[in-house]
Amino acid sequence: MSFVPTLDTDNNSSKALRYIEDVYAQLVARNPQEPEFHQAVKEILASLLPILAAEPKYQNQAILERLVEPERMITFRVPWTDDTGKIRVNRGYRVQFNSAIGPYKGGLRFHPSVNASIIKFLGFEQIFKNALTGQHIGGGKGGADFDPKGKSEGEIMRFAQSFMTELQNFIGPDQDVPAGDIGVGAREIGYLFGQYKRIRGGYPAGVLTGKGILYGGSQARTEATGYGTVYFVSEMLKAKGLSVNGSRVVISGSGNVAIYAMQKAAQLGAKVVACSDSAGYVYDENGIQMDTVRRLKEVERKRISEYVKEHPQATYFPSSSQIWTIPCDIALPCATQNEIDEKMARTLIANGVKAVGEGANMPSTLEAIHLFQQAGILFAPAKAANAGGVAVSALEMAQNSMRLSWSFNEVDAKLQEIMGSIYRQSVDAAQQYGQPGNLLAGANIAGFKMVADAMLAEGVV
Ligand code: NDP
Ligand code: 2IT
């Protein structure tokens, strides 16, 4: 994972390499102290050398310089009153990164670690992911450094209402359409939608996705990211004559993405032996009971450690990062960024992992990805593998515009088709630009090409 050119004798290649290095150096200088944003940009840039060398128009039109600069970055105060009457203040964010192919689209994250770097890395990734879905959606992301843990229902609602009171100035069904991410699920989307509707009037269903089915949500949106990740991994395995069926799977996290990845993997005949939350992981050789996890996390909002009280054969370990020491055929990181570092990647490889599918955004460090690629491990990169969630969000927008609702099976069939198409686009672009089998390079190049060509068509804006 470096900027080393593949054809260093080629003049266009050396020019493209210098271009990439200059853009990256400027980015770091202009955005100091944003390591996650630097990492996300570096990962993309490292893949783009062949296409930039082949197509000098992108450099001539300053496409990279424009891509790495958000169209708009909004930060705002979110004051709210806690249950004791104390006034609290959080910081809200929305980055409207790129609207070349459609209205800004991307989730909202409520987590104490949220800052400008996290929001910009997520927004930047979203641009290319959204392009790969084949839907007309641009890239955006938002959130707040609010910690939902330990907050009452009333506090969550008041926070969400205050957050939306400011955010509503900047979003709309044709302008910018937020959804969920870490700490923002169906409950929070409900409160956010209620407040938007109250302020703006009418019934602007398409302003948010991930809504409840009763008020304009799409069937299968809840399941879409986790299911989509497993569909993508299945395609990747199938091409090598392998299958999810009969495999041993480890899935980090126990939130929205992890739960439905667990369900789909089990439906396809895998045994999921471990999952986690930020405090630790559970190991169940009989296979993790997804219904227990779902009830504990979605309904009771408890810690994953509670799982072993109901399943005494399982064991709890109070260190979430150690989940990757469990031997498995397929590893699905579905919790958060940089959860697989170099050391954990080495451990997974030594234990015989065959495939890694990124359900979370940027869960593997650049060093970990490099190790997986060197070891010939099948690697499904986040912006391709977890695109099912935002793809079904776009289908939710389409249903809202048409004022009709598709059945679960209809949406699920479209999701499978989209994940298959993202897989093929990634394979084809990797092949075309001289990196056969490298799905990371393929996904990055295919996503980049669509957005960059739309930017060229729209002129210098
Ligand atoms: P949830 O809030 O539903 O679940 C997050 C899970 O990850 C929880 O189990 C949480 O544990 C764990 N987690 C969060 N932060 C950390 C951390 N710093 N260290 C260890 N574990 C952590 O979020 P989602 O399932 O929606 O999101 C998971 C990942 O998937 C994120 O990277 C998100 O960006 C990505 N994603 C989500 C999509 C969606 O549609 N929701 C779509 C595409 C990607 P705890 O409860 O202890 O905090
Ligand atoms: O990272 C992601 O793609 C999401 N959190 C989902 C975004 C969306 O708009 O559905």
Side-chain angles (χ1 to χ4, degrees), residues 36 102-114 118-119 121-130 132-133 135 137-143 147-150 171 176-189 207-211 217-218 220-229 251-262 275-282 293-294 296-298 301-305 318-323 332-340 358-364 382-397:
E36 293 86 1
Y104 310 107
K105 180 84 196 85
L108 297 171
R109 178 177 289 191
F110 291 171
H111 193 272
S113 64
V114 163
I118 300 274
I119 295 298
F121 113 66
L122 290 164
F124 186 70
E125 293 263 302
Q126 202 83 45
I127 302 170
F128 309 98
K129 180 197 308 194
N130 292 5
L132 286 168
T133 68
Q135 315 282 312
I137 41 179
K141 199 84 190 190
D147 187 356
K149 283 203 186 73
I171 62 174
D176 183 356
V177 182
D181 194 81
I182 291 177
V184 177
R187 171 180 64 170
E188 291 74 19
I189 293 292
V207 69
L208 290 170
T209 61
K211 298 182 294 295
S218 173
R221 174 62 188 89
T222 307
E223 292 83 356
T225 312
Y227 277 24
T229 300
I251 298 183
S252 64
S254 49
N256 174 263
V257 180
I259 287 172
Y260 294 96
M262 259 178 238
C275 70
S276 62
D277 63 17
S278 58
Y281 72 91
V282 286
V293 178
R294 185 160 59 170
L296 284 173
K297 300 307 270 192
E298 283 184 358
R301 299 184 188 276
K302 289 186 174 155
R303 309 307 299 159
I304 200 67
S305 55
S319 168
S320 57
S321 64
Q322 296 300 307
I323 192 171
L332 301 180
C334 295
T336 195
Q337 64 276 356
N338 291 330
E339 50 170 312
I340 301 186
E358 296 191 316
N361 283 309
M362 208 167 78
S364 314
K383 60 177 82 60
N386 75 30
V390 76
V392 173
S393 277
L395 300 180
E396 182 171 330
M397 290 163 69

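Counting starts at 1 for both ligands and their atoms, in listed order.
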>> Apply side chain to side chain contact (heavy atoms under 4.5 Å, CB included) to residues Ile340 and Glu358 and explain how you reach the verdict.
In response: CA-CA 10 Å; Ile340 301 186; Glu358 296 191 316; over 6 Å; no
> What residue and atom, counting heavy atoms only, is the protein's closest point to atom 32 (O) of ligand 1, and at what distance?
Replying inline: Asn361 N, 3.1 Å
>> Quick test of your reading of the structure: of Lys302, His111, Arg303, whose heavy atom lies closest to atom 46 (O) of ligand 1?
In response: Arg303
> Does Gln126 come within less than 4.0 Å of ligand 2, judged by its heavy atoms?
Replying inline: yes
>> Students should be able to answer this: which protein heavy-atom is nearest to atom 33 (C) of ligand 1, and at what distance?
In response: Asp181 OD1, 3.2 Å
>> I need the minimum non-hydrogen distance between Leu332 and Ala261, along with the two atoms involved.
In response: CD1-CB, 4.4 Å
> Any idea which heavy atoms bring Val392 and Ser218 closest together, and the distance?
Replying inline: CG1-OG, 4.0 Å
>> Check whether Ser320 reaches the backbone of Ala279 with its side chain - one donor and one acceptor, N or O, closer than 3.5 Å.
In response: no
>> If you take the nearest heavy atom of each of Ser320, Ala279, Gly183, Ser278, which one is closest to atom 10 (C) of ligand 1?
In response: Ser278
>> Could you identify the single nearest non-hydrogen protein atom to atom 4 (O) of ligand 1 and state the distance to 0.1 Å?
In response: Gly255 CA, 3.2 Å
>> Give me the residue, atom name and distance of the protein heavy atom closest to atom 6 (C) of ligand 2.
In response: Arg221 NH2, 3.6 Å
> Which residue owns the protein heavy atom closest to atom 41 (N) of ligand 1, what's the atom, and how far is it?
Replying inline: Asn256 OD1, 3.6 Å
>> I'd like to check which ligand 1 atoms, numbered from 1 as shown, lie under 4.0 Å from a non-hydrogen atom of Thr225.
In response: 38 (C), 39 (C), 40 (O), 42 (C), 43 (C)
>> Can you name the atoms of ligand 2, numbered from 1 with element, that are less than 4.0 Å from a heavy atom of Lys129?
In response: 1 (O), 2 (C), 3 (O)
> Quick check: does Asn386 get an N/O under 3.5 Å from an N/O on ligand 1?
Replying inline: no
> Closest approach of Lys105 and Ser393, non-hydrogen atoms and distance?
Replying inline: CE-CB, 3.5 Å
> In ligand 1, which numbered atoms sit nearer than 4.0 Å to a non-hydrogen atom of Lys149?
Replying inline: 45 (P), 47 (O), 48 (O)
>> Under the criterion side chain to side chain contact (heavy atoms under 4.5 Å, CB included), I'd like the reasoning laid out for Leu108 against Glu188: C-alpha separation, chi angles, the key distance, then a yes or no.
In response: CA-CA 10 Å; Leu108 297 171; Glu188 291 74 19; over 6 Å; no
>> Checking contacts here: is it the side chain or the backbone of Arg221 that comes within 4.0 Å of ligand 1, counting heavy atoms only? Could be both or neither.
In response: side chain
> Out of Ser254, Ala335, Gly107, whose heavy atom sits nearest atom 28 (C) of ligand 1?
Replying inline: Ala335
>> Using a 4.0 Å heavy-atom cut-off, which part of Glu339 comes near ligand 1: side chain, backbone, both, or neither?
In response: neither
> In the protein, what heavy atom is nearest to atom 23 (O) of ligand 1, and what distance, to one decimal place, separates them?
Replying inline: Ile182 CA, 3.4 Å
> Between Ser276 and ligand 1, which part of the residue brings a heavy atom under 4.0 Å of the ligand: side chain, backbone, both or neither?
Replying inline: backbone
> So which heavy atom on Lys149 is nearest to which on Ser278, and how close?
Replying inline: NZ-OG, 3.9 Å
>> With the threshold set at under 4.0 angstrom, would you say Cys334 reaches ligand 1 through any of its heavy atoms?
In response: yes
> Can Tyr260 and Arg294 be said to form a side chain to side chain contact (heavy atoms under 4.5 Å, CB included), step by step?
Replying inline: CA-CA 9 Å; Tyr260 294 96; Arg294 185 160 59 170; 3.2 Å; yes
>> For atom 9 (O) of ligand 2, what's the nearest protein heavy-atom neighbour? Residue, atom name and distance, please.
In response: Lys105 NZ, 2.6 Å
> Which of the atoms of ligand 2 are close to Ser393, meaning less than 4.0 Å from one of its heavy atoms?
Replying inline: 8 (C), 9 (O), 10 (O)
>> Using every non-hydrogen atom in the two residues, find where Ala179 and Thr209 come nearest and quote the distance to one decimal.
In response: CB-OG1, 3.2 Å
> What do you reckon, does Gln337 put a non-hydrogen atom under 4.0 Å from ligand 1?
Replying inline: no
>> Is there a polar contact between ligand 1 and Arg109, counting only N or O atoms under 3.5 Å apart?
In response: yes
> Atoms of ligand 1 less than 4.0 Å from Thr336 heavy atoms?
Replying inline: 15 (N), 16 (C), 17 (C), 18 (N), 19 (N), 32 (O)
> Who's the nearest protein heavy-atom neighbour of atom 7 (C) of ligand 2, and how far?
Replying inline: Gly107 N, 3.5 Å
> For ligand 2, which atoms have a heavy atom of Ala179 less than 4.0 angstrom away?
Replying inline: 8 (C), 9 (O), 10 (O)
>> Give me the residue, atom name and distance of the protein heavy atom closest to atom 25 (O) of ligand 1.
In response: Val257 N, 2.9 Å
>> In the structure I gave you, are the side-chain heavy atoms of Val257 and Asn386 within less than 4.5 Å of one another anywhere?
In response: no
>> Any heavy-atom pair between the side chains of Lys129 and Asn361 that's under 4.5 Å?
In response: yes
> Taking all non-hydrogen atoms of both residues, which atom of Ala258 and which atom of Ser252 are closest, and how far apart?
Replying inline: CB-O, 3.6 Å
>> Out of all atoms in ligand 2, which are within 4.0 Å of some heavy atom of Lys141? Include the element for each.
In response: 1 (O), 2 (C), 4 (C), 5 (N)
>> Pairs of nitrogen or oxygen atoms closer than 3.5 Å, one from Asn386 and one from ligand 2: do any exist?
In response: no
> Are Ile323 and Glu339 close enough that some pair of their side-chain heavy atoms sits under 4.5 Å apart?
Replying inline: no
>> Check whether Asp277 reaches the backbone of Ile304 with its side chain - one donor and one acceptor, N or O, closer than 3.5 Å.
In response: yes
>> Any non-hydrogen side-chain atom of Gln135 less than 4.5 Å from a side-chain atom of Val390?
In response: no
> Hey, does Gly389 come in under 3.5 Å of ligand 1, counting only N/O atoms on both sides?
Replying inline: no
> What atoms of ligand 1 come closer than 4.0 angstrom to any heavy atom of Gly253?
Replying inline: 9 (O)
> Would you call Lys141 and Asp181 a side-chain contact if the rule is heavy atoms closer than 4.5 Å?
Replying inline: yes
>> Show the atoms of ligand 2 that are less than 4.0 angstrom away from any heavy atom in Gly180.
In response: 4 (C), 5 (N), 6 (C)
> Do Arg187 and Arg301 come close enough that some side-chain heavy atom pair is under 4.5 Å?
Replying inline: yes
> Do the side chain of Asn256 and the main chain of Ile259 share a donor and acceptor less than 3.5 angstrom apart?
Replying inline: no
